[in-house]
Asks: 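Once you've had a glance at the structure underneath, I'll fire off some questions.
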Amino acid sequence: MQTCFAPSSGGYYCNGWRTVYANTWGLAATDVNDGTRFWLLFTSTDVHGVAAY
């Protein structure tokens with residue numbers, strides 16, 4: 001999983017890829033300001049996708 005951010009200052013950036021296993025909780029990012037828009041990119045051998053929050 002990779003977390004990408006769209007800060008209010010403009011632009012966007014993504015952190016590095018993290019491994020999160022199916023049916024488990026995982027840490028997407030730390031030290032993120034409240035209200036920061038973000039989305040998750042994920043991929044596996046069978047599934048690829050994006051989840052926006």
Side-chain angles (χ1 to χ4, degrees):
M1 169 179 66
Q2 187 177 37
T3 307
C4 297
F5 304 93
S8 58
S9 58
Y12 74 92
Y13 63 95
C14 300
N15 67 4
W17 286 93
R18 295 176 182 245
T19 300
V20 177
Y21 297 99
N23 301 313
T24 65
W25 288 97
L27 181 63
T30 59
D31 299 322
V32 179
N33 292 331
D34 289 346
T36 300
R37 294 180 301 160
F38 69 96
W39 61 96
L40 304 175
L41 303 174
F42 58 94
T43 186
S44 74
T45 55
D46 299 324
V47 179
H48 306 279
V50 175
Y53 294 86

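Heavy-atom basis, side chains included; hydrogens, waters and symmetry copies ignored. Start at 1 with the first residue, then count along the sequence.
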Asks: Could you tell me if the side chain of Phe5 sits less than 4.5 Å from the side chain of Val32, heavy atoms only?
Replies: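 Yes - at least one pair of side-chain heavy atoms lies under 4.5 Å apart.
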
Asks: To check you understand the geometry: which heavy-atom pair defines the closest contact between Pro7 and Tyr12, and what is its length?
Replies: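 In this case the closest contact between Pro7 and Tyr12 is CD-CA, 4.3 Å.
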
Asks: Check for a donor-acceptor pair, side chain of Gln2 on one end and backbone N or O of Asn15 on the other, with a separation under 3.5 Å.
Replies: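 Yes, Gln2 side chain to Asn15 backbone: donor-acceptor pair under 3.5 Å.
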
Asks: Once rounded to the nearest 0.5 Å, what's the spacing between atom OG1 of Thr19 and atom CE of Met1?
Replies: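 Those atoms lie 9.5 Å apart.
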
Asks: Under 3.5 Å, sequence neighbours excluded: what are the donor-acceptor pairs made by side chains of residues 20-31?
Replies:
residue: Thr24; atom: OG1; partner: Tyr21; partner atom: O; Å: 2.5

Asks: For residues Leu41 and Trp17, report the shortest heavy-atom separation together with the two atoms involved.
Replies: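 Distance-wise, the nearest heavy atoms are O-CZ3, 3.7 Å.
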
Asks: Disulfide (SG to SG under 2.5 Å): which pairs involve residues 6-47, sequence neighbours left out?
Replies: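 Passing the test, one end in residues 6-47: Cys4-Cys14.
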
Asks: By ring pair (Phe, Tyr, Trp, His ring centres under 6.0 Å), which residues pair with Phe42, not counting sequence neighbours?
Replies: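 Scan of Phe42 (ring pair (Phe, Tyr, Trp, His ring centres under 6.0 Å), adjacent residues dropped) gives none.
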
